[in-house]
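Presented below is the structure to which this report refers.
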Amino acid sequence: MLNIILFGPPGAGKGTQSAYLVEHYGLVHLSTGDIFRANIKGGTELGQLAQSYMNQGQLVPDDVTIRMLESEVAKHQEAKGFIFDGFPRTTAQAEALDVFLNGRETPVSCMLALDVAEEELKTRLLARAETSGRPDDANPAVIQKRIDVYNAETAPVASHYAAQGKFTGVDGIGTIEEITERLQAAIPHH
Ligand code: AMP
């Protein structure tokens, strides 16, 4: 099993790069943001709960997010591995993921972190708003909030995996292909 956490701030290119990794390594892509948005669209209870947090640029509570992620993993018994995009976003989520995956004897293989400076993130997210239709991309105050939440709550998750020897930082500036090559070079042989 190859279980990759694709890490980085909002706008770093996680979704774009996931598409390549999924195709090349035959992994199942689990984006918690995408799953929440599908629930909002479908008008589910989970979607209703998540929406207010998302529109304000805040994190959906850990208990709800962890339960959702675990049930998504469990749906894919035949998977060759997973790419986790946008999860874990807190140390509590990382600890829960480790317990869950270690219990299945399919631990996290590596965390690959896309490194992009803050000004560039803001520019990218505002540009993405033109096509994403995401209300959280269109509002500069919400973008700032998401970056602040990332710095305060999510950035520490890097240390969690660095302590396990599983962390690699990758320069997230360049063409899509250049960044893909950097990621590929950082993926452990399996
Ligand atoms: P994303 O699509 O990854 O940018 O996520 C969009 C929004 O969904 C975030 O700003 C959060 O409100 C929520 N979200 C996505 N993933 C998580 C997570 N792992 N924990 C908490 N909230 C999340």
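For reference, positions follow the sequence shown, starting with 1. Atoms within each ligand, like the ligands themselves, are counted from 1 in listed order.
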May I have the step-by-step check of side chain to side chain contact (heavy atoms under 4.5 Å, CB included) for Gln144 and Lys122, ending in yes or no? CA-CA 8 Å; Gln144 186 63 56; Lys122 293 178 190 169; 2.9 Å; yes

Could you go through the side chain to side chain contact (heavy atoms under 4.5 Å, CB included) check for Asp137 and Leu125 one step at a time? CA-CA 5 Å; Asp137 286 345; Leu125 290 170; 3.7 Å; yes

Assess the residue pair Ile187 and Tyr25 against the criterion (side chain to side chain contact (heavy atoms under 4.5 Å, CB included)); give the C-alpha distance rounded to whole Å, side-chain angles, the decisive distance to 0.1 Å, and a yes or no. CA-CA 10 Å; Ile187 292 172; Tyr25 294 95; 3.5 Å; yes

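In this structure, Val108 is a member of the same hydrophobic cluster as Val157, with clusters built from ILVMFWY side-chain heavy atoms closer than 4.5 Å.
Listed by atom number, the atoms of ligand 1 under 4.0 Å from Gly33 heavy atoms are 2 (O), 5 (O), 15 (C), 16 (N). Interface atoms of ligand 1 facing Arg146, defined by a heavy-atom separation under 4.0 Å, are 4 (O). Contact atoms of ligand 1 toward Gln93: 18 (C), 19 (N), 20 (N), 21 (C) (distance under 4.0 Å to a heavy atom of the residue). For ligand 1 and Thr65, the ligand atoms under 4.0 Å from any heavy atom of the residue are 18 (C), 19 (N), 20 (N), 21 (C).
Proximity of Gln58 to ligand 1, defined as any heavy-atom pair under 4.0 Å, is confined to the backbone N, CA, C and O atoms. In Gln51, neither the side chain nor the backbone holds a heavy atom less than 4.0 Å from any atom of ligand 1.
With 3.5 Å as the limit, one finds no donor-acceptor pair spanning the side chains of Asp34 and His29.
Salt-bridge check for Arg128 with Asp136: failed, with every basic side-chain N at 4.0 Å or more from each acidic carboxylate O.
With sequence neighbours excluded, no residue forms a side chain to side chain donor-acceptor pair (under 3.5 Å) with Glu153.
The nearest heavy-atom contact from the protein to atom 13 (C) of ligand 1 is Met54 CG, 3.8 Å. At the top of the distance list for atom 4 (O) of ligand 1, counting protein heavy atoms only, stands Arg134 NH2, 3.0 Å. In terms of protein heavy atoms, atom 22 (N) of ligand 1 is closest to Val60 N, 3.0 Å. Looking from atom 23 (C) of ligand 1 to the surrounding protein, the closest heavy atom is Phe36 CE1, 3.8 Å. Among protein heavy atoms, atom 16 (N) of ligand 1 sits closest to Thr32 OG1, 2.8 Å.
A 6.0 Å sphere centred on CD1 of Ile173 holds more than 12 heavy atoms belonging to other residues, nucleotides or ligands.
For ligand 1, none of its N or O atoms has an N or O atom of Gly57 under 3.5 Å away. Remark: ligand 1 and Arg89 share an N or O pair separated by less than 3.5 Å (distance only, no angle test). Any N or O atom pair closer than 3.5 Å counts here, and Arg37 shares at least one such pair with ligand 1. The N/O atoms of Gly86, backbone and side chain alike, include one that comes under 3.5 Å of an N/O atom in ligand 1.
Applying the side-chain hydrogen bond (donor to acceptor under 3.5 Å, both in side chains) rule to pairs touching residues 40-55 yields Asn39-Thr44, sequence neighbours excluded.
If you take CZ on Phe82 and CD1 on Ile4, they are separated by 12.5 Å, rounding to the nearest 0.5 Å.
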